Participant: 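Before I ask anything, here is the structure I am working with.
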Amino acid sequence: MAEEADDRKPLLSKKIDKFFTGLADAWNFVRRFFREVFLPPYEFKEVIHQCYRIGVESLPLISLTGFIVGIVFTNQSRPSLSEFGASSWLPSLISIAVVRAMGPLVTALIAAGKVGSSIGAEIGSMKVTEQIDAMEVSATNPFKFLVVTRVLATTFMIPLLVMYTDFVALMGSFINVNKNELVSLSTFFVQVFDSITFLDVFSSVIKSLVFGFTIGIVGCYKGYNSSKGTEGVGRAANSAVVISMFLIFIEELLALQIVNAIRGM
């Protein structure tokens, strides 16, 4: 039967058939996640452990990146505003850019590189060394323990990391603005909060939830379906990062269209 399946002619072409088969497998994987997440037993300890690994252990990298983003974007924006004599609008511009787009996007891309690759490699190595099969033999649900916990952790922690990144980026921007325009901390943050709306914050949180879910589910899917030994583990980690980043940009584009439509009502 296997030989007959291998010899079967493709409907369109081998690559196209493989692509649509992969989409169907991914859809079934996502469906299984939503089914398993509501069924007992609930692995609360593992979820908390993964939240620590994804959230707390990412803070140094996120802190450095967010701080640099705030300083660099402020330096890049100042000349353009100075040409029109609008340097006083710099805090407002930075807050809108950071809260609406840069904070969620930068955090998600950093997490996709660090967390997504880690999840793909970790689960992939367990797959090729047959540890997942051993968990099934020992009456443990590997999908719930490995996949559900990690996806929940990324979904919960990415929004928190985004809020932290926003704060760090704004502090980096304040240091730059204070040095050049001598703006006080209270004045800076009054302008910051006057410029952003509830819709900006709400859309940022919703986007972050979607980004976190994407990073977790892609990393778990690639690792859970890896093969061909150590080569497959490396390929799973690499493809988890690439696909996560690609989907994040697509989701950012769609979210931008939806939020602009709501804002225009």
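None of the values given here were measured: they were computed from a predicted structure.
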Participant: Check whether V99 and V190 end up in the same hydrophobic cluster, where Ile, Leu, Val, Met, Phe, Trp and Tyr are linked by side-chain heavy atoms less than 4.5 Å apart.
Facilitator: no
Participant: From S92 OG over to Q191 CD, what is the distance, rounded to the nearest 0.5 angstrom?
Facilitator: 5.0 Å
Participant: Given side-chain contact (heavy atoms from CB on, under 4.5 Å), test I123 with R150 step by step and report yes or no.
Facilitator: CA-CA 10 Å; I123 297 181; R150 283 161 175 79; 3.9 Å; yes
Participant: What side-chain donor-acceptor pairs closer than 3.5 Å can you find for residues 255-265, not counting sequence neighbours?
Facilitator:
unit_1: N260; atom_1: OD1; unit_2: R263; atom_2: NH1; d: 3.3
unit_1: N260; atom_1: ND2; unit_2: L256; atom_2: O; d: 3.2
unit_1: R263; atom_1: NH2; unit_2: D200; atom_2: OD1; d: 2.7

Participant: Looking at V151, is its backbone amide N or carbonyl O close enough to the side chain of T154 to form a donor-acceptor pair, meaning the two atoms are under 3.5 Å apart?
Facilitator: yes
Participant: Show me the donor-acceptor pairs, under 3.5 Å and distance only, between side chains in residues 159-181 and residues at least two apart or in other chains.
Facilitator:
unit_1: Y164; atom_1: OH; unit_2: S63; atom_2: OG; d: 2.6
unit_1: T165; atom_1: OG1; unit_2: T107; atom_2: OG1; d: 2.9
unit_1: T165; atom_1: OG1; unit_2: L161; atom_2: O; d: 2.7
unit_1: S173; atom_1: OG; unit_2: T74; atom_2: OG1; d: 2.8
unit_1: N176; atom_1: OD1; unit_2: R78; atom_2: NH1; d: 3.0
unit_1: N176; atom_1: OD1; unit_2: R78; atom_2: NH2; d: 2.6
unit_1: N176; atom_1: OD1; unit_2: N180; atom_2: ND2; d: 3.4
unit_1: N176; atom_1: ND2; unit_2: N75; atom_2: OD1; d: 3.0
unit_1: N178; atom_1: ND2; unit_2: V183; atom_2: O; d: 2.8
unit_1: N180; atom_1: ND2; unit_2: N176; atom_2: O; d: 2.7
unit_1: E181; atom_1: OE1; unit_2: R78; atom_2: NH2; d: 3.2
unit_1: E181; atom_1: OE2; unit_2: R78; atom_2: NE; d: 2.8

Participant: Should M245 and V241 count as side-chain neighbours, where that means a heavy-atom distance under 4.5 Å?
Facilitator: yes
Participant: Can you name the closest pair of heavy atoms from S184 and T187 and give their distance?
Facilitator: OG-OG1, 2.8 Å
Participant: Can you tell me how far CD1 of I54 sits from CG of L59, rounded to the nearest 0.5 angstrom?
Facilitator: 12.5 Å
Participant: Donor-acceptor pairs are to be reported for all side-chain atoms of residues 40-49 against protein atoms at under 3.5 Å, with residues two or more places apart or in another chain.
Facilitator:
unit_1: Y42; atom_1: OH; unit_2: F38; atom_2: O; d: 2.9
unit_1: E46; atom_1: OE2; unit_2: Q50; atom_2: NE2; d: 2.8

Participant: Could you list who else is in L182's hydrophobic cluster, with ILVMFWY side chains joined at under 4.5 Å, directly or through other members?
Facilitator: none
Participant: State plainly whether one hydrophobic cluster holds both I68 and I94, where clusters connect Ile, Leu, Val, Met, Phe, Trp and Tyr through side-chain heavy atoms under 4.5 angstrom apart.
Facilitator: no
Participant: Might you work through the side-chain contact (heavy atoms from CB on, under 4.5 Å) test for S118 and R53, ending with a clear yes or no?
Facilitator: CA-CA 10 Å; S118 175; R53 292 186 57 190; 3.8 Å; yes
Participant: Between M126 and V233, is there a shared hydrophobic cluster once you connect ILVMFWY residues whose side-chain heavy atoms come closer than 4.5 Å?
Facilitator: no
Participant: How far apart are the closest heavy atoms of E36 and N141, and which atoms are they?
Facilitator: OE1-ND2, 3.2 Å
Participant: Say whether L105 and L64 are linked into one hydrophobic cluster, either directly or through other cluster members, by side-chain heavy-atom distances under 4.5 angstrom.
Facilitator: no
Participant: Given side chains that start at C-beta, do those of R32 and V147 come closer than 4.5 Å, heavy atoms only?
Facilitator: no
Participant: Let me check something: do V192 and V201 share a hydrophobic cluster, defined by ILVMFWY side-chain heavy atoms less than 4.5 Å apart, either directly or through other members?
Facilitator: yes
Participant: I'd like to know whether F193 forms a side-chain contact (heavy atoms from CB on, under 4.5 Å) with I196, so could you lay out the CA-CA distance, the side-chain angles of the two residues, the decisive distance to 0.1 Å, and finally the verdict.
Facilitator: CA-CA 6 Å; F193 288 111; I196 58 177; 4.0 Å; yes
Participant: Show me the side-chain donor-acceptor pairs of residues 205-220 shorter than 3.5 Å, one per line, residues at least two apart or across chains.
Facilitator:
unit_1: K207; atom_1: NZ; unit_2: R100; atom_2: O; d: 2.6
unit_1: K207; atom_1: NZ; unit_2: E252; atom_2: OE1; d: 3.2
unit_1: K207; atom_1: NZ; unit_2: E252; atom_2: OE2; d: 3.3
unit_1: S208; atom_1: OG; unit_2: S204; atom_2: O; d: 2.6
unit_1: T214; atom_1: OG1; unit_2: V210; atom_2: O; d: 2.8
unit_1: T214; atom_1: OG1; unit_2: E251; atom_2: OE1; d: 3.2
unit_1: T214; atom_1: OG1; unit_2: E251; atom_2: OE2; d: 2.6

Participant: Can you list every pair that meets side chain to side chain donor-acceptor pair (under 3.5 Å) and has a residue in residues 217-226, with sequence neighbours left out?
Facilitator: none
Participant: Looking at every non-hydrogen atom in both residues, tell me the closest pair between A112 and S244 and how far apart they are.
Facilitator: CB-CB, 4.0 Å
Participant: As an exercise, state the distance from OG of S58 to CD1 of I62, rounded to the nearest 0.5 Å.
Facilitator: 6.0 Å
Participant: If we check ring-ring contact (aromatic ring centres under 6.0 Å, His included) with F143, which of these qualifies: F29, F34, F33?
Facilitator: F29
Participant: Could you pull out the closest heavy-atom pair between S117 and A237, with the gap in Å?
Facilitator: O-CB, 3.6 Å
